[in-house]
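Below, chain A is the first sequence line, B the second, and so on; all start at residue 1.
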Amino acid sequence: MVREVLAQGRADSETELFGWVRTARHSKSLSFLELVDGSCMAGLQVVVEPSLPGYEGIRSLRTGCALRVSGRLVDSPGKSQSVELHAKDVELIGDVDDDYPLQKKRHSFEFLRTLGHLRFRTNTLGAVIRVRNSAAQAIHRFFQDRGFLWLHSPIITALDAEGAGEMFRVSTLDAGSPPRNDSGEVDFSQDFFGGETLLTVSGQLEAEIGALSMGNVYTFGPTFRAENSNTSRHLAEFWMVEPEMAFCDLDGDAELAEDFLKCVIRSILEDCPEDMAFFQQRIDEGLMERLDRVVSAPFERLTYTEAVEILEGSGRDFEFPVKWGVDLQSEHERYLTEEHVGRPVVVTDYPIDIKAFYMFRNDDERTVRAMDVLVPGVGEIVGGSQREHRLEVLRERLRHHGLSEERYGWYLDLRRYGSVPHAGFGLGFERLVQFVTGMANIRDVIPFPRVPGNAEF
RNA sequence: UCCCCGGUAGCUCAGUUGGCAGAGCAAGCGGCUGUUAACCGCUGGGUCGUAGGUUCAAGUCCUACCCGGGGAGCCA
């Protein structure tokens, strides 16, 4: 691979490589081919002399051609690379038609999104895919090092996770004329699973089952929301990381979230220095400084009540006025993390009426032990809470939300049989990749974005 | 779903008060003694998003629709 050759290639060694031409420069007496293979940002410069048999064919090579190249690695007299390959044999494996749409110039991300099968070949998407890979590995390593078990929560589910979002239905019924019951409603008892099933919006409830049996667990897999969201921060299919810890309160949860973000970011910086340098240089000038502030300083901790006081005292004229009891808007979160502290902020203890039924009720009975981690540029990257583990309080909360005890029977069972305080959070994997790379649009940090109106491939 | 902006050559864009459709890059051909998004010359390349309308005349003005982007809401 190019990565190996550049990292450890010794001058005067023989080597063979497979890859694609990124750029080809021909002069009268020489041809220069930049060969890339996806293993790293940089390409290897291949120098071809006219004395090589078949040199006429080399002159028609251009961006996109697939090649096998063998030759001798030598110190490069050029400025932009330390070694280069002097070709002894060049085989054209796959030619490109002359309407190849990728050029050796900057393309807009909008245009590249229309070429979902070719955009992987660009510097930026290549770097994103490598950083994404590195981030996924770092996430597993973080949890594995701490004894968390990877729990494979189901993708097809009958739970709606209490209104986390609109859901996609999974069904094998005839969409044109589904069976109906006496009252004219679709009869899902005749469906594949004998009942209505949906794509998961969260593995949290299943993770609680895991945590209350195995201690510390995490889920890491695809998640689906059928919301008609058209923003640079939302996908209909995205990956989510959801740790859940038994014998743990919100403080432990917030601590884990902070350690987690710092560890994963450090790991990526170490693992992908070239890709990160590219993002700093071409995508976001403030990237490294921002990431440094994340890994080097403690996150700010604020209660919701304190956050509201800060916002009220800011002298800012927000579009949505701040008032205790209403949820923080994007502009409020931005002000807190980007301007007030300039680092990630953990906001805790939100009003009970704007949060889900399963969150632990504080003694004041008007707030719950919920937290959001806000980061500059992206906003909410983590949302979590300590869960309500007290049977009677949970029953009361269910009643208050108009939810039936029968439906949540198994959830109540977990509180009847050896219940313990437990807590967890959900992290949007693509939002993490966005934050780490500085990419503006979430559609450019996932290989195959699914958004309203588009699910190509 | 709502608000704002945009759609002109393969790509990135310019196009003035309504008056002959433009540039750079890419492609094709030629040149160039080691290039770095190489460079230099020449050539080809257009249903101006779609459908209507106003006008002697529409890329330009009006209406509707489609698509894209930014912001908001929903959230991760």
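Taking atom P in both B:rU54 and B:rG15, the straight-line distance is 28 Å, to the nearest Å. Here the separation of B:rC3 from B:rA21, taken at their C1' atoms, is 34 Å to the nearest Å. The gap from the C1' atom of B:rG45 to that of B:rG53 amounts to 32 Å, rounded to the nearest Å. Taking atom C1' on both B:rG59 and B:rG18, the two are 10 Å apart, rounded to the nearest angstrom. B:rA14 and B:rG30 have their C1' atoms separated by 30 Å, with the value rounded to a whole Å. Nucleotides B:rU63 and B:rG73 have their C1' atoms positioned 29 Å apart, rounded to a whole Å. Separating the C1' atom of B:rA23 from that of B:rC48 is a span of 16 Å, rounded to the nearest Å. Rounded to whole Å, the P atom of B:rA76 lies 24 Å from the corresponding atom of B:rC2.
For residues 7-54 of chain A, the set of pairs meeting the ring-ring contact (aromatic ring centres under 6.0 Å, His included) definition, not counting sequence neighbours, is empty. Annotation: salt bridge (charged side-chain N to carboxylate O under 4.0 Å, His left out) contacts involving residues 85-94 of chain A, sequence neighbours excluded, comprise A:Glu14-A:Lys88, A:Arg68-A:Asp89, A:Arg68-A:Glu91. The ring-ring contact (aromatic ring centres under 6.0 Å, His included) contacts involving residues 81-110 of chain A comprise A:His107-A:Phe111, where partners must be two or more places apart or lie in separate chains. Within the structure, ring-ring contact (aromatic ring centres under 6.0 Å, His included) contacts touching residues 431-457 of chain A (residues at least two apart or in different chains) are A:Phe120-A:Phe448, A:Phe448-A:Phe457. For residues 430-449 of chain A, every residue pair satisfying the salt bridge (charged side-chain N to carboxylate O under 4.0 Å, His left out) rule, not counting sequence neighbours, is listed here: A:Arg113-A:Asp444, A:Arg119-A:Asp444, A:Arg132-A:Glu430.
As judged by a 4.0 angstrom heavy-atom cut-off over every strand, A:Glu242 is placed among residues making no nucleic acid contact. Counting any heavy atom pair closer than 4.0 Å across all strands shown, A:Asn228 reaches a base atom. Here A:Arg59 lies in heavy-atom contact (under 4.0 Å) with a base. If you check every strand for non-hydrogen atoms under 4.0 Å, A:Ser232 touches sugar and phosphate atoms only. At the heavy-atom level, A:Phe238 lies under 4.0 Å from base atoms of the strands shown. Among the atoms of the strands shown, base atoms are found under 4.0 Å from some heavy atom of A:Ser229. As judged by a 4.0 angstrom heavy-atom cut-off over every strand, A:Gln103 is placed among the base-contacting residues.
Across all strands shown, B:rC62 is found opposite B:rG52 as a Watson-Crick or G-U wobble partner, with both distances under 3.5 Å. A 3.5 Å limit on both hydrogen-bonding distances identifies B:rA72 as the Watson-Crick or G-U partner of B:rU1. Remark: B:rU35 base-pairs with no nucleotide in the shown strands. Criterion, Watson-Crick or G-U wobble with two distances under 3.5 Å. Checking B:rA23 for Watson-Crick or G-U wobble geometry (two distances, each under 3.5 Å) identifies B:rU12 as its partner. B:rG44 makes up no base pair with any nucleotide shown, lacking Watson-Crick or G-U wobble contacts both under 3.5 Å. B:rG6 is paired with B:rC67 under the Watson-Crick or G-U wobble criterion, all donor-acceptor distances under 3.5 Å.
In this view, A:Ser76 and A:Gln81, A:Glu84 satisfy the side chain to side chain donor-acceptor pair (under 3.5 Å) rule, not counting sequence neighbours. Partners of A:Glu49 according to the side chain to side chain donor-acceptor pair (under 3.5 Å) rule, which considers only residues two or more places apart in sequence or in another chain, do not exist here. Evaluation of the ring pair (Phe, Tyr, Trp, His ring centres under 6.0 Å) rule for A:Phe318 yields A:His332, A:Tyr335 as partners, not counting sequence neighbours. Listed by chain and residue number, nothing satisfies the side chain to side chain donor-acceptor pair (under 3.5 Å) test with A:Thr63 (two or more places apart in sequence, or in another chain).
Between A:Asn441 and B:rG70, a side-chain N or O to OP1/OP2 separation shorter than 4.0 Å is present. Taking side-chain N and O atoms only, A:Arg233 has no distance below 4.0 Å to OP1 or OP2 of B:rC74. For B:rG70, neither phosphate oxygen OP1 nor OP2 lies less than 4.0 angstrom from any side-chain nitrogen or oxygen of A:Arg443.
At whole-Å resolution of the value, CZ in A:Phe32 and P in B:rC32 are 16 Å apart. In this entry the distance linking CG of A:Asp327 with C1' of B:rA76 reads 14 Å, nearest Å.
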Using a cut-off of 4.0 Å between protein heavy atoms and nucleotide atoms, how would you tag nucleotides 3-9 of chain B 5' to 3' with B, S and -? -------
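Listed candidates were B:rA76, B:rG34, B:rC11. Nearest to the side chain of A:His107 is B:rC11. Out of B:rG34, B:rG69, B:rA72, the shortest distance to the side chain of A:Thr231 is found at B:rA72. With B:rG73, B:rC11, B:rG69 as the choices, the nucleotide that has an atom nearest any side-chain atom of A:Ser330 turns out to be B:rG73. Relative to the side chain of A:Ser29, the nucleotides B:rG28, B:rG68, B:rU33 differ in distance, and B:rU33 lies closest.
Within residues 376-384 of chain A, the residues that have a heavy atom under 4.0 Å from RNA chain B are, in order of number, A:Glu380, A:Ile381, A:Val382.
At distances below 3.5 Å, at least one donor-acceptor pair connects side-chain atoms of A:Glu388 with backbone N or O atoms of A:Arg361.
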Apply salt bridge (Lys or Arg N to Asp or Glu O under 4.0 Å) to A:Asp37 and A:Arg3, showing your working. CA-CA 9 Å; A:Asp37 65 1; A:Arg3 181 193 176 98; over 6 Å; no
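Between the side chain of A:His234 and the base of B:rC75 there is at least one donor-acceptor pair of N/O atoms closer than 3.5 Å. Counting distance only, with no hydrogens placed and no angle test, the side-chain atoms of A:Gln329 and the base atoms of B:rG73 include no donor-acceptor pair under 3.5 Å.
The ring pair (Phe, Tyr, Trp, His ring centres under 6.0 Å) test with A:Phe260 singles out one residue from A:Phe220, A:Phe142, A:Phe299, and that residue is A:Phe142.
Remark: ring of A:Phe429 not stacked against base of B:rA76; the cut-offs of centroid gap under 5.5 Å and plane tilt under 30° are not jointly satisfied.
The pair A:Glu456-A:Arg450 fails the salt-bridge criterion, with no side-chain N (NZ, NE, NH1 or NH2) lying under 4.0 Å from an Asp/Glu carboxylate O. Classification of A:Glu258 and A:Arg301 as a salt-bridged pair holds, one side-chain N sitting under 4.0 Å from a carboxylate O.
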Nucleotide N/O to protein N/O under 3.5 Å, stretch nucleotides 36-38 of chain B:
{"from": "B:rU36", "atom 1": "O4'", "to": "A:Arg25", "atom 2": "NE", "distance (Å)": "3.4"}
{"from": "B:rU36", "atom 1": "O2", "to": "A:Gln81", "atom 2": "OE1", "distance (Å)": "3.2"}
{"from": "B:rU36", "atom 1": "N3", "to": "A:Gln81", "atom 2": "OE1", "distance (Å)": "3.3"}
{"from": "B:rU36", "atom 1": "N3", "to": "A:Gln81", "atom 2": "NE2", "distance (Å)": "3.3"}
{"from": "B:rU36", "atom 1": "O4", "to": "A:Lys79", "atom 2": "N", "distance (Å)": "3.0"}
{"from": "B:rU36", "atom 1": "O4", "to": "A:Gln81", "atom 2": "NE2", "distance (Å)": "3.4"}
{"from": "B:rA37", "atom 1": "N3", "to": "A:Lys104", "atom 2": "O", "distance (Å)": "2.6"}
{"from": "B:rA38", "atom 1": "OP1", "to": "A:Lys104", "atom 2": "NZ", "distance (Å)": "2.7"}
{"from": "B:rA38", "atom 1": "OP2", "to": "A:Thr23", "atom 2": "OG1", "distance (Å)": "3.0"}
{"from": "B:rA38", "atom 1": "OP2", "to": "A:Arg25", "atom 2": "NH1", "distance (Å)": "3.1"}
{"from": "B:rA38", "atom 1": "N6", "to": "A:His26", "atom 2": "O", "distance (Å)": "3.2"}

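Ring geometry for A:Tyr304 versus A:Tyr350: interplanar angle of 30 to 60°, hence tilted.
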